[in-house]
Each structure stands twice: as structure tokens, then as C-alpha cells.
Amino acid sequence: MRFEGRVVVVTGASRGIGREVAVRFGAEGALVACLATTLANAEATASLIPGARAYACDVGDSAQVEAVFSQVEADLGVVQILVNNAGVTRDTLLLRMKDDDWDRVLTVNLRGAFLCTRAVTKGMMKARWGRVVNVTSIVGLGGAAGQANYAASKAGLIGLTKSVAKELGARGVTCNAVAPGFIETDMTADLPAEFRDQVVKTAPLGRLGTPGDIAGAVLFLASEEAAYVTGQTLVVDGGLTL
Ligand SMILES: NC(=O)c1ccc[n+]([C@@H]2O[C@H](COP(=O)([O-])OP(=O)(O)OC[C@H]3O[C@@H](n4cnc5c(N)ncnc54)[C@H](O)[C@@H]3O)[C@@H](O)[C@H]2O)c1
């Protein structure tokens, strides 16, 4: 019960990694606010967690973010832990990438994390305690053909992580990132079988990752055990990028 009574916000909590993170926090006693693009999807996850609340929020929309975080604070109290997990892909080669493909991915993945982090900053600074964990990607570290928009957003998230760590460290707030490799969720469901086989062959741990593998790292970075860790990006990829 590492998070007994802690107020935790998880974005993109409706499925995949976000849902697993929310459920694990709930299992360790946290008061979890599940944010998703639709209320029904947020409620589906919240219904799995005792005491959890559900909120509809497009993280790229600053008015929605401000309204939802005020509501979370009114319902549960000051946010102590924020997990910026919401993310989208719009993969295509550079020559075919539309302005909107670029803008949407940067808006959700990077601007969304900025808006949510800004929304919790005052409360965390006042409390002199806080944890922000950003879900980036190994693609943000190494790049990927066909993912210029996604890679740029995830690399940006690493810069945001380091800057927030430097800016808020003196107030007892840490900010770290987790960089998943290939994790079995809806996001990767359509990738070709040869690509999956290649990952299994190349990764020293010989398998794809699960949402639970990522949740374990996120909870560690949000815990007291990680009190002296900040500005870091923890790669959780089964050794794929070694
Ligand atoms: N699956 C992987 O292999 C992998 C690898 C590296 C990084 N990641 C990252 O992990 C995070 C979770 O991905 P996943 O694999 O669980 O994918 P997923 O597609 O299953 O889940 C993404 C979540 O983000 C939510 N979301 C999308 N747009 C949103 C918006 N505008 N506002 C609020 N929520 C929004 C979705 O509703 C969903 O709940 C993402 O940031 C993704 O980039 C995933």
C-alpha cells in the first residue's frame, strides 16, 4: 500500500498502459482520477478501482484540462501524482505526412503533458511534494522511420521532463519519464507479424512487453523509493535498444 490516500491522475486511462497504471495505483490505496477522451471509457476503468473517479478530458485542449483538474481537486483533493500517459500515433512517411498528422500527435502527446503538468504545479509546489511521470517511448530516444511526428513528440517529452525536474526539484517535486519499447496494447495491435517476431528475436528478454511491465516502472518512479531520482528516462524495453 505505497500510495495510501495519495491523489493520482492518470491520463489516457481507458485502456492499455493507462488502465493498468490506474488499476495498480488503486490496488495500492491511491485515490485515482481516471481521465479519458469519453466519460464512458473513463468510467469503465474507474469501475475497476474502489473510490476512483472518472472524467472526460481531451488533454490537448487547455480549457478542458483546466476545468477537469479543478474538478478533480474539488472531488479528491490536491493532485499529488500525475501520470501523463495519453498518446496517439499517426504514422506515415515524411513526404506523405499532413500538417494535421503532425499537429494532432504533437498536441496530444506533448502539449497535453505540458497542460496537465502546468495544472498540477501550483498544488504540488505548495504541498512541497509531488510526482510527475511522463510516458515517452524508445522512439523518442532513437527515432523511427515513418514516425517523425511521434518521435518528435516523445523526444520533446524527455526535454519537458528534464526541465520540470530542474524547475520544481527545490519544491520536493520530481519529474521522470518511462520509455517503453514494444508493448502489447491496441496501439501496437496492427503492426506486422514480422516486426513483432523481430522484436522477440532481438530483445534479450525474448518477449514483447506488457502494460504491467510499464506500470511497475511508473509506480516505482511515483513512490518514496524514488525520492532521489529526478529528470531521468527509464527505458523499459526488455533490452531491445541495448
Ligand atoms: N504500446 C507501446 O508499444 C508503446 C510504446 C512506447 C510508448 N507508448 C506510449 O504509452 C502510452 C499509452 O499507450 P498504449 O500503448 O496504452 O496505447 P492505447 O492506444 O491503448 O492507449 C492510449 C490512451 O490514450 C488516450 N488518448 C488518446 N488521445 C487522447 C486525448 N486527446 N486526450 C486524452 N486521452 C487520449 C486513449 O483514449 C487511450 O486511453 C502512450 O503515450 C504511448 O505513446 C506505448
Side-chain angles (χ1 to χ4, degrees), residues 9-24 33-46 48 54-65 67-69 72 82-91 100-101 103-116 119 133-144 147 149-158 160-161 177-191 195-196 198-200 203 207-218 233-238 240-241:
V9 172
V10 181
T11 69
S14 63
R15 57 176 197 254
I17 293 169
R19 178 171 60 198
E20 185 67 19
V21 167
V23 167
R24 297 270 185 112
C34 301
L35 272 55
T37 41
T38 69
L39 189 59
N41 288 345
E43 276 168 350
T45 298
L48 307 170
Y55 304 87
C57 181
D58 175 346
V59 295
D61 181 316
S62 83
Q64 285 188 39
V65 169
V68 163
F69 277 79
V72 171
L82 167 67
V83 182
N84 285 311
N85 165 78
V88 290
T89 53
R90 284 209 190 167
D91 298 352
D100 190 52
D101 294 329
D103 290 344
R104 189 62 193 153
V105 170
L106 269 289
T107 296
V108 175
N109 298 8
L110 186 54
R111 178 182 154 93
F114 154 64
L115 293 175
C116 293
V133 183
N134 295 321
V135 182
T136 177
S137 168
I138 54 169
V139 169
L141 294 164
Q147 290 197 303
N149 49 0
Y150 184 75
S153 73
K154 294 301 188 180
L157 205 44
I158 293 170
L160 176 67
T161 301
V178 172
F182 188 110
I183 312 303
E184 285 194 278
T185 67
D186 290 355
M187 189 175 270
T188 52
D190 294 335
L191 290 174
F195 183 79
R196 302 163 71 90
Q198 193 56 39
V199 171
V200 172
R207 64 172 177 85
L208 306 179
T210 66
D213 291 323
I214 306 307
V218 170
T233 297
L234 178 54
V235 175
V236 185
D237 69 348
L240 184 65
T241 53

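Scope of the values below: all heavy atoms of this structure, side chains included, with no hydrogens, waters or symmetry mates. Order of appearance sets the numbers: ligands from 1, and atoms from 1 within every ligand.
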* Asked: Can N109 and S153 be counted as having a side-chain donor-acceptor contact under 3.5 angstrom?
  -> yes

* Quick check: does A36 get an N/O under 3.5 Å from an N/O on ligand 1? -> no

* Counting both backbone and side chain atoms, is some N or O of V59 under 3.5 Å from an N or O of ligand 1? -> yes

* Asked: Of all the atoms in ligand 1, which lie at a distance below 4.0 Å from a heavy atom belonging to T188?
  -> 1 (N), 2 (C), 3 (O)

* Structure fact -> Of D103, D100, V108, the one forming a side chain to side chain contact (heavy atoms under 4.5 Å, CB included) with R90 is D100

* G181 N/O to ligand 1 N/O under 3.5 Å -> yes

* **Closest to atom 24 (O) of ligand 1 among S137, G87, G140 (heavy-atom distance)** => G87

* Structure fact -> Of A113, C57, G12, the residue with the heavy atom nearest atom 33 (C) of ligand 1 is C57

* **Residue part near ligand 1, for E184, under 4.0 Å between non-hydrogen atoms** => neither

* Which of the atoms of ligand 1 are close to V88, meaning less than 4.0 Å from one of its heavy atoms? -> 27 (C), 28 (N)

* **Distance-only N or O hit between ligand 1 and R15, under 3.5 Å** => yes

* Asked: Below 3.5 angstrom, do we get any N/O pair linking S14 and ligand 1?
  -> yes

* Asked: Heavy-atom contact under 4.0 Å between T136 and ligand 1?
  -> yes

* Asked: D58 heavy atoms, cut-off 4.0 Å: which ligand 1 atoms fall inside?
  -> 30 (C), 31 (N), 32 (N)

* Please step through salt bridge (Lys or Arg N to Asp or Glu O under 4.0 Å) for the pair D58 and R104, ending with a clear verdict. => CA-CA 11 Å; D58 175 346; R104 189 62 193 153; 3.3 Å; yes

